[in-house]
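Below you'll find the structure I mean.
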Amino acid sequence: MHNIGKKEFVHALGVGLLHSLFSLFIILSSIWLCIAIWIQQPGGWLLSRIIIVIWSLFSLSILGIYIHQKVLSRRKDLIIYILAFIGSLFWYFNIPAQQNRDWSPEVARILSYEKQGNIVTLHNIRDFTWYSKDQFDEHWDTRRYNLEHISGINIITSYWMGPQIAHTLVSFDFTDQKPLVFSIEIRKEKSESFSAIGGFFRQFELSLVAADEQDIVYTRSNIRGEQVYFFPIKMPKAEMQALFLEYLKKSDELRAQPQWYNTLTSNCTTLVFDMIQAISPQQLPTDYRLLASGYLPNYLYDLGAISHQWSMKEWYQYSHVNPKTQNLKHSPYTDHLSYSEIIRTGLPLAQH
């Protein structure tokens with residue numbers, strides 16, 4: 001048996017570890033790039049698949065060469081691989097978000113506004129009447145709001161992919177008119193449907209929708225069959241007003257420069273957290289529940305933003321929108337305020 005010294009053993013172990021890490025890099029980077037090409041389809045459907053096949057074979061050959069220690073071929077191929085991957089990163093991160101696609105009707109318009117003192121006039125507020133996923137009456141409003149009349153704020157979570165993942169909406173109450181909901185969503189084209197994987201690979205632009213509760217909440221609970229929960233939030237009035245203005249600031253940003261949606265880092269929950277963080281006088285703790293957005297209500301409960309008069313188990317029971325609206329038949333004549341009253345049935349008003 002051949003015996004090696006401690007120095008040789010440590011060297012061999014280090015080389016083996018380095019080889020393993022580099023092989024893992026080849027595998028993960030190749031998977032990432034192939035998915036990115038599959039989603040983006042540079043050069044069209046056929047050319048993209050040809051590139052994927054060539055890249056996959058090249059990556060496998062590098063792993064094979066690497067394992068067999070063919071030094072000259074390995075070094076040359078690794079240099080080619082690294083340069084090509086750097087080039088692919090340059091291509092990917094320079095894909096521009098756009099404003100002029102053939103958008104799906106519910107995200108076709110961009111929110112805009114004028115502000116004079118505390119009076120804000122919003123344009124392109126969505127007020128659709130939904131009959132099914134594909135059947136709806138399209139209507140957009142212009143409305144005027146007085147920031148001094150904001151009387152409450154609510155977090156709405158809509159569960160569509162198990163308990164860990166939820167879409168987050170924010171609803172503002174007013175003393176003199178019906179509530180207004182802001183929702184950060186994907187801006188999909190007519191031919192597209194949501195894909196969590198596509199959301200990681202710049203498939204969708206970002207959209208900010210302002211809408212009636214009867215439109216944007218109803219379509220999730222009664223049309224799509226998502227499980228929706230409504231939580232009144234405790235927040236000082238000045239911070240509610242500031243958060244409303246942060247949404248308007250976000251609309252300015254998206255109108256001036258379109259942005260990409262990202263399933264993990266730039267989504268409906270993380271962006272709301274960023275906006276609240278921007279206006280909050282105290283630092284909000286970073287928490288995994290900001291990524292596992294389905295647990296956002298539990299996070300807010302722990303912060304004291306949701307009343308402790310009930311346990312979270314009771315909150316999920318009493319705040320569940322679907323049982324309250326399951327018998328509600330949508331029609332153009334349904335009163336908006338009545339709908340908002342229905343989903344608030346049995347819930348306490350948050351103390352501000």
Heavy-atom check, side chain of Q259 versus side chain of K250, under 4.5 Å:
yes

Between D212 and R143, does the side chain to side chain contact (heavy atoms under 4.5 Å, CB included) criterion hold? Intermediate values first, please.
CA-CA 11 Å; D212 273 351; R143 298 177 191 168; 2.7 Å; yes

Flag side-chain contact, heavy atom, 4.5 Å: T168 against I156
no

What is the distance from atom CG of L180 to atom CZ of R126, rounded to the nearest 0.5 Å?
11.5 Å

As a quick check of understanding, evaluate side chain to side chain contact (heavy atoms under 4.5 Å, CB included) for V181 and V170, giving each step before the final call.
CA-CA 6 Å; V181 182; V170 177; over 6 Å; no

Mind checking what makes ring-ring contact (aromatic ring centres under 6.0 Å, His included) contact with Y299, not counting sequence neighbours?
none

Do other residues, nucleotides or ligands put more than 12 heavy atoms under 6.0 Å from R255 CZ?
yes

Given N222, D137, D215, the one that forms side chain to side chain contact (heavy atoms under 4.5 Å, CB included) with W130
D215

Which other residues belong to the hydrophobic cluster containing W103, where Ile, Leu, Val, Met, Phe, Trp and Tyr are joined when side-chain heavy atoms lie under 4.5 Å apart, directly or via other members?
none

Which distance, rounded to the nearest 0.5 Å, do you find between the CZ of F230 and the CG of L347?
7.0 Å

Quick one: do L60 and V53 end up in the same hydrophobic cluster if we chain Ile, Leu, Val, Met, Phe, Trp and Tyr together by side-chain heavy atoms under 4.5 Å apart?
no

Listed by chain and number, what are the side chain to side chain donor-acceptor pair (under 3.5 Å) partners of R344, not counting sequence neighbours?
D173, E213

Considering non-hydrogen atoms only, spot the tightest contact between P42 and I37 and give its length.
CD-O, 3.6 Å

Can you check whether R220 reaches V321 side chain to side chain, under 4.5 Å on heavy atoms?
no

Taking the side chain as every heavy atom from C-beta outward, state whether L122 and L248 have any atom pair closer than 4.5 Å.
yes

Measure the acute angle between the ring planes of Y218 and Y339, then classify it against the limits of 30° and 60° as parallel, tilted or perpendicular.
perpendicular

Listed by chain and number, what are the side chain to side chain donor-acceptor pair (under 3.5 Å) partners of S112, not counting sequence neighbours?
none

Stepwise side chain to side chain contact (heavy atoms under 4.5 Å, CB included) test for R101 and E205
CA-CA 10 Å; R101 303 185 192 274; E205 279 84 358; 2.8 Å; yes

Determine the minimum heavy-atom distance between V107 and I186, stating which atoms define it.
CG1-O, 3.9 Å

For D134, all residues meeting side chain to side chain donor-acceptor pair (under 3.5 Å), sequence neighbours excluded
none

Nearest heavy-atom contact between I39 and G198 is CD1-CA, 4.2 Å

I86 side, atom CD1; S29 side, atom OG - distance, nearest 0.5 Å
11.0 Å

Check: Y301 ring centre within less than 6.0 Å of W315 ring centre:
no

Quick one: does I26's side chain get under 4.5 Å of F22's, heavy atoms only?
yes

Is the number of heavy atoms from other residues, nucleotides or ligands within 6.0 Å of CD1 (I197) greater than 12?
no

With rounding to the nearest 0.5 Å, note down the distance linking CD in Q241 to CG in L147.
5.5 Å

Hydrophobic cluster (4.5 angstrom, side-chain heavy atoms) - remaining members for L28:
L24

Rounding to 0.5 Å, atoms NE2 (H149) and CG (N118) come to a distance of 9.0 Å

Stepwise side chain to side chain contact (heavy atoms under 4.5 Å, CB included) check, R202 with F93
CA-CA 9 Å; R202 298 194 168 197; F93 286 106; 3.5 Å; yes

Flag for E189-S191: side-chain donor and acceptor within less than 3.5 Å
no

Look at K249 together with D252 and state whether they make a salt bridge at an N to O cut-off of under 4.0 Å.
no

Joint hydrophobic cluster, I27 plus W38, side-chain heavy atoms closer than 4.5 Å:
yes

Flag if over 12 foreign heavy atoms under 6.0 Å of CD, Q309:
yes

Is any side-chain heavy atom of Y145 less than 4.5 Å from a side-chain heavy atom of Q177?
yes

Supply the atom-to-atom distance Q135 CD to T129 OG1, rounded to the nearest 0.5 angstrom.
13.0 Å

Flag if over 12 foreign heavy atoms under 6.0 Å of NZ, K115:
yes

Aromatic plane relationship, F201 with W32 - under 30° parallel, 30 to 60° tilted, over 60° perpendicular
tilted

Counting only heavy atoms not in W310, do more than 12 sit closer than 6.0 Å to its CH2 atom?
yes

Which residues pass the ring-ring contact (aromatic ring centres under 6.0 Å, His included) test with Y229, sequence neighbours left out?
Y159, Y316, H320

Using modelled atom types and a 3.5 Å cut-off, is there a donor and acceptor pairing between side-chain atoms of W160 and backbone atoms of R224?
no

Give a yes or no answer on whether the side chain of T142 reaches the backbone of H123 with a donor-acceptor pair at less than 3.5 Å.
no

Side chain to side chain donor-acceptor pair (under 3.5 Å): pairs with one or both residues in residues 82-99, sequence neighbours excluded:
Q99-R187

Who else is in I110's hydrophobic cluster (ILVMFWY, side-chain heavy atoms under 4.5 Å, direct or via others)?
none

Contacts of type ring-ring contact (aromatic ring centres under 6.0 Å, His included), residue W55, not counting sequence neighbours
Y81

Taking all atoms of both residues into account, what is the closest heavy-atom pair of A166 and S293, and its distance?
O-OG, 2.8 Å

Under 6.0 Å between ring centres, would you say that holds for F244 and Y113?
no

Side-chain heavy atoms nearer than 4.5 Å, only ILVMFWY residues, links allowed to pass through others: does that put I31 and I50 together?
no

Looking at residues at least two apart in the chain, or sitting in another chain, which of them share a ring-ring contact (aromatic ring centres under 6.0 Å, His included) with F58?
none

Are the side chain of T219 and the backbone N or O of I216 linked by a donor-acceptor pair below 3.5 Å?
no

Side-chain (K324) to main-chain (T345) donor-acceptor, under 3.5 angstrom
yes

Could I get the full list of side chain to side chain donor-acceptor pair (under 3.5 Å) partners for S319, not counting sequence neighbours?
none

Could you tell me which non-hydrogen atom of P105 sits nearest to which non-hydrogen atom of W140, and how far apart they are?
O-CZ2, 3.4 Å

Check whether N146 reaches the backbone of E148 with its side chain - one donor and one acceptor, N or O, closer than 3.5 Å.
yes

Taking the side chain as C-beta and beyond, is there a heavy-atom pair between Y247 and L111 under 4.5 Å?
no

Taking all non-hydrogen atoms of both residues, which atom of S221 and which atom of N322 are closest, and how far apart?
O-ND2, 3.4 Å

Are F174 and I150 close enough that some pair of their side-chain heavy atoms sits under 4.5 Å apart?
yes

